[in-house]
There are 2 protein chains.
Amino acid sequence: MGFMGNKKVQKLPSIRRMPTYLHKLTQMRKNGLDTVSTTIMARYMNLEPIVVRKDLELTGVTGQPGVGYKIKDLIDAIKSFLNWHNTAEAVLIGAGSLGRALLGYEGFEDYGLNIIAAFDADPSKIGSEIHDREVFDIIRLPELASRLQVNMGILCVPNEYAQGSADMMIEGGINAIWNFTNVSLDVPEHVVVQREVIASGLAVLSVKLNQRIMEE
Amino acid sequence: MGFMGNKKVQKLPSIRRMPTYLHKLTQMRKNGLDTVSTTIMARYMNLEPIVVRKDLELTGVTGQPGVGYKIKDLIDAIKSFLNWHNTAEAVLIGAGSLGRALLGYEGFEDYGLNIIAAFDADPSKIGSEIHDREVFDIIRLPELASRLQVNMGILCVPNEYAQGSADMMIEGGINAIWNFTNVSLDVPEHVVVQREVIASGLAVLSVKLNQRIMEE
DNA sequence: AAAATATAGATAAAAAAATATCGATACTCT
DNA sequence: AGAGTATCGATATTTTTTTATCTATATTTT
Ligand SMILES: NC(=O)c1ccc[n+]([C@@H]2O[C@H](COP(=O)([O-])OP(=O)(O)OC[C@H]3O[C@@H](n4cnc5c(N)ncnc54)[C@H](O)[C@@H]3O)[C@@H](O)[C@H]2O)c1
Ligand SMILES: NC(=O)c1ccc[n+]([C@@H]2O[C@H](COP(=O)([O-])OP(=O)(O)OC[C@H]3O[C@@H](n4cnc5c(N)ncnc54)[C@H](O)[C@@H]3O)[C@@H](O)[C@H]2O)c1
């Protein structure tokens with residue numbers, strides 16, 4: 001029964017690896033390569049080849065026994081699997097230090113994400129431009145989000161304003177929230193949320209380190 | 001047989017949830033609460049209570065049937081499970097936009113992480129202070145890391161310098177690398193690496209959104 | 001041409017994670 | 001005091017994920 005926040009997504013670990021495959025494959029294509037084997041991909045990512053094969057199977061692409069996969073096919077298949085063939089437009093809320101970093105991240109281009117505007121509450125930021133994107137007054141979020149037909153919002157405000165900002169996004173018709181705050185948002189059924197908990201990685205690293213030390 | 005990068009860590013999903021438990025519990029304690037049930041934690045995190053119970057079991061803490069857990073016990077147990085009772089010191093390499101954000105993140109205090117210095121190659125940054133931490137010349141990394149006895153490094157340099165910087169860290173005795181670049185690092189057996197792929201979250205969000213749309 | 005090697009795909013097995021069930025304990029409300 | 005409800009812990013079950021094995025196909029080497 002439970003409290004049914006977001007519906008469950010399967011193959012999470014595989015999905016999370018897709019961007020790295022995409023990145024490496026894009027690089028390889030730039031270097032003039034045409035085909036690639038799971039062995040090579042696996043070595044690059046410190047995985048077992050069988051893992052890579054299973055992941056790629058998910059995208060529906062098929063390789064050639066004895067040879068490998070066509071890099072171009074893979075890139076297309078992964079993008080289509082992730083729905084990244086059409087660029088998604090997003091707005092960013094909270095142009096603070098994290099928000100600023102995300103606005104300046106060129107990596108997003110490869111991932112079909114285009115941040116078209118930022119919103120903030122700080123008068124000294126409103127009206128300015130950060131990495132070529134205008135910073136609007138947060139009050140205008142519902143109006144502009146709705147007018148621009150954006151459906152993704154990137155949330156980088158201080159924790160105490162997270163829920164309020166999320167509500168405004170939803171009011172403006174946004175239905176996908178990429179949440180970098182420490183708050184578990186309360187949203188209606190039709191809105192999907194992905195929360196990024198940076199400390200999770202630190203937790204994993206700590207445990208790995210401790211384990212390494214223990215066994216020596 | 002494979003290429004044995006880092007040894008496998010078990011209960012990854014549980015470990016990743018720990019920091020969020022910790023954060024919420026710390027908040028609750030500040031609000032004067034003494035006990036908590038898995039039902040409450042689960043509702044906060046959009047999980048099933050049974051998931052929370054299993055996660056907490058991992059820390060060795062035991063609750064009281066009919067009542068719940070002592071918040072203080074839980075906090076201690078989680079910190080000890082993650083090895084976060086003793087603050088870990090770390091250096092940050094690459095004081096660019098992401099590095100700057102991480103240097104300014106107060107959340108790390110709660111997670112037992114203390115970034116004691118930054119390193120960069122840009123002469124205009126070297127010698128300056130960012131959020132009270134001095135920025136040193138990258139050339140001094142091996143020497144200083146070794147002298148300061150740091151064993152964690154946070155890597156935020158541009159991709160093309162990632163491997164080189166990692167090598168310098170290792171030369172300075174660092175054996176845990178938190179890697180925010182897009183590069184899969186090549187490191188000796190005794191070094192553990194945790195790579196943070198920000199686009200992974202975006203991939204998950206995209207798939208969630210697509211799934212939600214499909215089923216309507 | 002034959003042998004050795006590398007590869008994907010299909011299927012099977014093993015391991016891990018998530019979920020369910022149930023009994024015992026404590027609290028709440030009448 | 002008793003009924004109803006919430007809770008944890010132990011155990012069992014189900015589902016999902018990871019890993020292995022085996023076969024057919026292509027490439028490379030001899
Ligand atoms: N800095 C990091 O490295 C980091 C890492 C992980 C998570 N986070 C999380 O990201 C969030 C932001 O962190 P930060 O370090 O960038 O903080 P910050 O203080 O640098 O930036 C917050 C920004 O939000 C703006 N803001 C405040 N109230 C607002 C409102 N009501 N509407 C719109 N904008 C508003 C502020 O003016 C500021 O520009 C926090 O929840 C933090 O926990 C930060
Ligand atoms: N900006 C983001 O939001 C973001 C998100 C995810 C990942 N990343 C990754 O983080 C890394 C850094 O990104 P960024 O946006 O902060 O870039 P940036 O260009 O803002 O910062 C890079 C910093 O590294 C310094 N540097 C360059 N060469 C160096 C060297 N050899 N030794 C030490 N320092 C050196 C530069 O002077 C600069 O200060 C990249 O790999 C990027 O892909 C960034």
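On a predicted model such as this, the values are computed, not experimentally measured, just so you know. Per chain, numbering begins at 1; letters A, B, ... match sequence-line order.
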Once you apply the 3.5 Å cut-off to both distances, tell me the Watson-Crick or G-U wobble partner of D/dT30, or none.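 D/dT30 is paired with C/dA1.
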
Roughly, in whole Å, what's the span from [atom1] in [X] to [atom2] in [N]?
{"X": "A/Ile50", "N": "C/dA8", "atom1": "CD1", "atom2": "P", "answer": "10 Å"}
{"X": "A/Leu47", "N": "D/dA20", "atom1": "CG", "atom2": "P", "answer": "13 Å"}
{"X": "B/Ile71", "N": "D/dC8", "atom1": "CD1", "atom2": "C1'", "answer": "16 Å"}
{"X": "A/Lys54", "N": "C/dA16", "atom1": "NZ", "atom2": "P", "answer": "18 Å"}
{"X": "A/Leu58", "N": "D/dT18", "atom1": "CG", "atom2": "C1'", "answer": "14 Å"}
{"X": "A/Leu56", "N": "D/dT18", "atom1": "CG", "atom2": "P", "answer": "14 Å"}
{"X": "A/Asp55", "N": "D/dT19", "atom1": "CG", "atom2": "C1'", "answer": "13 Å"}

B/Tyr44 backbone acceptor or donor facing A/Ser184 side chain under 3.5 Å: yes

Between B/Ser200 (side chain only) and A/Arg16 (backbone N and O only), is there a donor and an acceptor less than 3.5 Å apart?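 Yes, because the side chain of B/Ser200 sits within donor-acceptor range (under 3.5 Å) of the backbone of A/Arg16.
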
[X]: partners by side chain to side chain donor-acceptor pair (under 3.5 Å), with sequence neighbours left out:
{"X": "B/Asp34", "value": "none"}
{"X": "A/Tyr161", "value": "none"}
{"X": "B/Asp76", "value": "B/Lys72"}
{"X": "B/Asp55", "value": "B/Ser14, B/Arg17, B/Tyr21"}

Contact list for residues 90-118 of chain A, test salt bridge (Lys or Arg N to Asp or Glu O under 4.0 Å), sequence neighbours left out: none

Any pair counted as salt bridge (Lys or Arg N to Asp or Glu O under 4.0 Å), so long as it reaches residues 150-177 of chain A, sequence neighbours left out: none

Name the closest nucleotide to the B/Thr62 side chain, picking from D/dT19, C/dT19, D/dG9. D/dG9

Short N/O separations, protein against nucleotides 13-17 of chain D, under 3.5 angstrom:
residue : atom : partner : partner atom : Å
D/dT16  : OP1  : A/Gln10 : NE2          : 3.0
D/dT16  : O5'  : A/Gln10 : NE2          : 3.2
D/dT17  : OP1  : A/Lys11 : N            : 2.9

Check each residue of residues 14-29 of chain B for a non-hydrogen atom within less than 4.0 Å of any atom in DNA chain C, then write out the ones that pass by number, or none. B/Arg17

How would you list all residue pairs meeting ring pair (Phe, Tyr, Trp, His ring centres under 6.0 Å) that involve residues 166-188 of chain A, not counting sequence neighbours?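 As it turns out, the ring pair (Phe, Tyr, Trp, His ring centres under 6.0 Å) pairs with a partner in residues 166-188 of chain A, which skip direct neighbours, are A/Phe108-A/Trp178, A/Trp178-A/Phe180.
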
Ring pair (Phe, Tyr, Trp, His ring centres under 6.0 Å) partners of residues 52-102 of chain B, not counting sequence neighbours, each pair once: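 The answer is B/Trp84-B/Tyr111.
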
Just distance, no hydrogens or angles: give the donor-acceptor pairs under 3.5 Å from side chains in residues 88-97 of chain A, sequence neighbours left out.
none

Check the interface with nucleotides 5-7 of chain C: list each N/O to N/O pair with the protein under 3.5 Å, or write none.
residue : atom : partner : partner atom : Å
C/dT7   : OP1  : A/Ser37 : OG           : 3.2
C/dT7   : OP2  : A/Thr39 : OG1          : 2.9
C/dT7   : O2   : A/Gly66 : N            : 2.8

